[in-house]
Amino acid sequence: MKGSCERQVFERLRLAYGTSGWWPAESGFEVMVGAVLTQNTAWANVERAIAELRRADLLAPEAIAAVGLGQLASLIRSSGYFNVKAARLKALVAWIHDSGGLEALGRMPTEVLRARLLEVKGVGPETADDILLYAFHRPVFVIDAYTRRLFSRLGAIRGNEHYEILRRRFEEAFPDDVARLNEYHALIVRHAKDVCRSRPLCPGCALKDLCAVGALQPG
DNA sequence: ACCCAGGGTCATA
DNA sequence: TATGACCATGGG
């Protein structure tokens, strides 16, 4: 077996799908907004909400800070949990302001920035890592439900490991490699949407032979 | 009608 | 530490 399981799957997906060019956004702040809005929500619903925010010229921290909470909630209605998410966007832009702005945040070391992100109400581990990787271009990996499901099926993990345990595994497979960590998460999401949605061993799956072998060893 | 989607918080045992 | 309730829209 050549290389770690994490590296094998990456190589297989990359050959199958090529480059994805994530995250779909026109600015770092738009990445941050999308990361909050997509929490437990289909991306198509988030796209409409972001389009509404763009139409209202609200894709800037100061603009979100200035708009009314109810107004904000109604604009992001399509993304679901709109009352919760409106409050989370408010908390996010308040945090940006209190931190001295996006430029100041961009100068912080990754571990400091991560710890500060996790203090924001509504920003958990996955949202924080989305923001670190795709808005601030830091070498972290995003563990989502797709990643757990895929690697569980491959036999490489149990699936219920703690977030930080899994994150460390992927980051150690591609240390300080922002480009590959970026592409990897994008590929996993793309693959999940493409074929292996509800069952293993789907025909045409890029990982079919890995599934057929039965299991990949952890590590 | 039911299930799920690019989670997180809070209360409870 | 680890479940459970809650948040809510839209597509399959």
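No hydrogens, no waters, no symmetry mates; every other heavy atom, side chains included, goes into these values. Note that the structure is a prediction, hence the values are computed from the model and not measured. Order of the sequence lines fixes the chain letters, A, B, ..., with proteins taken first and strands second; residue numbering starts at 1 for each chain.
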A:Glu183 and A:Arg14 ion-paired at < 4.0 Å:
no
Can you measure A:Leu118 atom CG to B:dG7 atom P for me and round it to whole angstrom units?
16 Å
A:Thr38 side chain N/O closer than 4.0 Å to the phosphate oxygens (OP1, OP2) of B:dA5?
no
Starting at atom CG of A:Leu37, determine the distance to atom P of B:dG8, rounded to an integer number of angstrom.
13 Å
The residue, A:Arg48 or A:Asn40, whose nearest nucleotide of DNA chain C is more 5′ is A:Asn40
Select base, sugar-phosphate, or nothing to describe what A:Lys121 touches, counting heavy atoms under 4.0 Å on all strands.
sugar-phosphate
If the P atom of B:dG8 is compared with that of C:dG10, how far apart are they to the nearest Å?
22 Å
Can you tell which of B:dG7, C:dT9, B:dA5 lies closest to the side chain of A:Arg149?
B:dA5
Counterpart base for B:dA1, defined by Watson-Crick or G-U wobble contacts under 3.5 Å:
none
Please state how far atom CH2 in A:Trp43 lies from atom C1' in B:dG7, giving the value in whole angstrom units.
14 Å
Heavy-atom closest pair, residues A:Leu102 and A:Phe136
O-CE2, 4.1 Å
Look at all strands and tell whether A:Val142 reaches a base, only sugar-phosphate, or nothing, counting heavy atoms closer than 4.0 Å.
nothing
Whole angstrom is fine here: how far is it from CG in A:Leu117 over to C1' in B:dG7?
15 Å
Sugar-phosphate only, base, or nothing, as touched by A:Asn83 at under 4.0 Å among non-hydrogen atoms
sugar-phosphate
For A:Asn45 and B:dC3, give me the distance from atom CG to atom P, rounded to whole Å.
19 Å
Could you check whether A:Arg88 gets within reach of a base, just the sugar-phosphate, or nothing at all, counting any heavy atom under 4.0 Å?
base
Distance, rounded to the nearest Å, where A:Lys85 contributes NZ and C:dA8 contributes P:
9 Å
Taking A:Arg169 first and then A:Glu161, would you say they form a salt bridge - that is, a charged N and a carboxylate O separated by under 4.0 Å?
no
Considering every strand and a 4.0 Å limit on heavy-atom distances, what is the contact class for A:Ser78: base, sugar-phosphate, or nothing?
sugar-phosphate
Between A:Arg167 (CZ) and B:dG7 (C1'), how many Å, whole number?
16 Å
Assert: residue with more 5' nearest nucleotide on DNA chain B, out of A:Tyr163 and A:Ala42, is A:Ala42
Counting just side-chain N and O atoms, does A:Arg77 come under 4.0 Å of either OP1 or OP2 of C:dG10?
yes
Do A:Asp144 and A:Thr147 have side-chain N/O donor and acceptor atoms under 3.5 Å apart?
yes
Output the rounded distance in Å from NE2 (A:His162) to C1' (C:dA2).
8 Å
Could you tell me whether the side chains of A:Arg48 and A:Ser78 share a donor-acceptor contact shorter than 3.5 Å?
no
